[in-house]
Amino acid sequence: GRPCARSGFAERLRWGGAIGQIPYVSIGYVPLSDNGDGTSSQFLIRKWEINREIAGRVAYPFTRADRLEASLGYRHISYVADAIEEVYDSGSLQYLGSRIVDYPAPSSIEMYPAGIAFVHDTSVWGGASPAFGTRYRVELGGVTGDLDFYTPLVDFRHYILPIPYLTLAGRFMHYGR
């Protein structure tokens, strides 16, 4: 699946939203082992992790450089797994057949992420990146639901242009859980 997003503004308030579903598929293999009844089996294990999310974001600018941002969302992660068992005769290794069997998977997780941030940005962009200026973000995010944790973020960046076409960048960042 492909996430989609929409954004807009009303007066000074900037807003946006996104909805999406992303499946992750992984495959594992259990080699041939004796079943104890004259047959041997090998397993191809298929696992799916499906991430579904809906989120909204608003930003309110105080000045050209300073703004307050807030976000709120819902995220559901579900898991499904099965295995294809191939059965062989233990003596001759002749293929006898296959079947799909259940395989244990973790239970689903529901989370409600939210965050609030103050952003200051006086950087001036060049052709492909910031050329000079300063940017920083101080954010407190968190998740509640089946998992509970906080994610404080401090991100400071400074760009200088000592000579034309050369930008030096420095960054300090702390991201915690």
Side-chain angles (χ1 to χ4, degrees), residues 1-28 44-83 100 102-161 167-177:
R2 180 183 169 122
C4 63
R6 170 83 169 111
S7 62
F9 60 93
E11 296 292 323
R12 293 177 69 168
L13 186 70
R14 307 290 190 241
W15 57 270
I19 187 169
Q21 174 177 296
I22 301 175
Y24 297 99
V25 179
S26 61
I27 295 177
L44 178 67
I45 301 165
R46 303 180 297 184
K47 297 179 183 178
W48 293 268
E49 175 185 316
I50 302 159
N51 288 272
R52 294 178 179 95
E53 185 171 12
I54 185 166
R57 173 173 290 234
V58 294
Y60 185 81
F62 300 115
T63 66
R64 285 180 156 276
D66 299 325
R67 68 182 178 271
L68 187 66
E69 296 181 355
S71 62
L72 185 64
Y74 169 75
R75 186 172 189 188
H76 182 265
I77 303 174
S78 58
Y79 303 92
V80 177
D82 68 13
I100 296 177
D102 286 333
Y103 195 81
S107 49
S108 297
I109 300 172
E110 289 190 348
M111 297 179 286
Y112 302 91
I116 190 161
F118 178 78
V119 179
H120 174 84
D121 187 354
T122 58
S123 60
V124 176
W125 278 70
S129 63
F132 60 90
T134 301
R135 303 169 77 178
Y136 64 82
R137 177 184 193 90
V138 179
E139 178 178 3
L140 179 60
V143 171
T144 189
D146 292 335
L147 297 175
D148 292 311
F149 57 90
Y150 293 99
T151 54
L153 169 70
V154 176
D155 187 1
F156 178 84
R157 305 172 192 202
H158 187 69
Y159 310 97
I160 58 174
L161 189 66
T167 298
L168 298 177
R171 182 178 193 183
F172 168 80
M173 186 172 113
H174 170 77
Y175 183 69
R177 279 215 169 139

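Quick note: residue numbers are just sequence positions, from 1.
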**Q.** Separation between CG of D121 and CG of D66, rounded to the nearest 0.5 Å
**A.** 9.5 Å
(Q) One pair to check against side-chain contact (heavy atoms from CB on, under 4.5 Å): R46 and V25. What are the steps and the verdict? (A) CA-CA 7 Å; R46 303 180 297 184; V25 179; 5.8 Å; no
Q | 4.5 Å side-chain heavy-atom contact, L153 and M173 | A | yes
**Q.** Within-4.5 Å side-chain heavy-atom neighbours: E49 and I109
**A.** no
Q: Return the orientation label for the H158 and F156 ring planes: parallel under 30°, perpendicular over 60°, tilted otherwise.
A: parallel
Q.
The criterion is side-chain contact (heavy atoms from CB on, under 4.5 Å); which residues satisfy it with I116, sequence neighbours excluded?
A. L68
Q) Going from CD on E139 to CG on D155, what distance comes out if it is rounded to the nearest 0.5 angstrom? A) 10.0 Å
**Q.** Shortest non-hydrogen separation from S78 to H76 and the atoms involved
**A.** CB-CE1, 3.6 Å
Q. Between Y136 and F118, how do the two ring planes meet: parallel, tilted or perpendicular, split at 30° and 60°?
A. tilted
(Q) Just so I know, are the side chains of S123 and R157 near enough to count as touching, which here means a heavy-atom distance under 4.5 Å? (A) no
(Q) Quick check for you: to the nearest 0.5 Å, what is the distance between W48 atom CH2 and D82 atom CG? (A) 4.0 Å
(Q) If I take atom CZ from residue R137 and atom CZ from residue R67, how far apart are they, to the nearest 0.5 angstrom? (A) 7.0 Å
Q: Enter the distance from Y79:OH to Y103:OH here, rounded to the nearest 0.5 Å.
A: 15.0 Å
Q) Under 3.5 Å, is there a donor-acceptor pair between the side chain of T122 and the main chain of T134? A) yes
**Q.** Rounded distance [0.5 Å steps], CZ in R75 versus OH in Y112
**A.** 14.0 Å
Q | Shortest non-hydrogen separation from D146 to S108 and the atoms involved | A | OD2-O, 3.7 Å
Q.
Tell me if the CG atom of D102 is crowded by more than 12 foreign heavy atoms within 6.0 Å.
A. no
(Q) On a heavy-atom basis, which atom in A114 and which in L72 lie closest, and how many Å separate them? (A) CB-CD1, 3.8 Å
Q) So which of E53, R52, E110 actually passes side chain to side chain donor-acceptor pair (under 3.5 Å) with Y74? A) E110
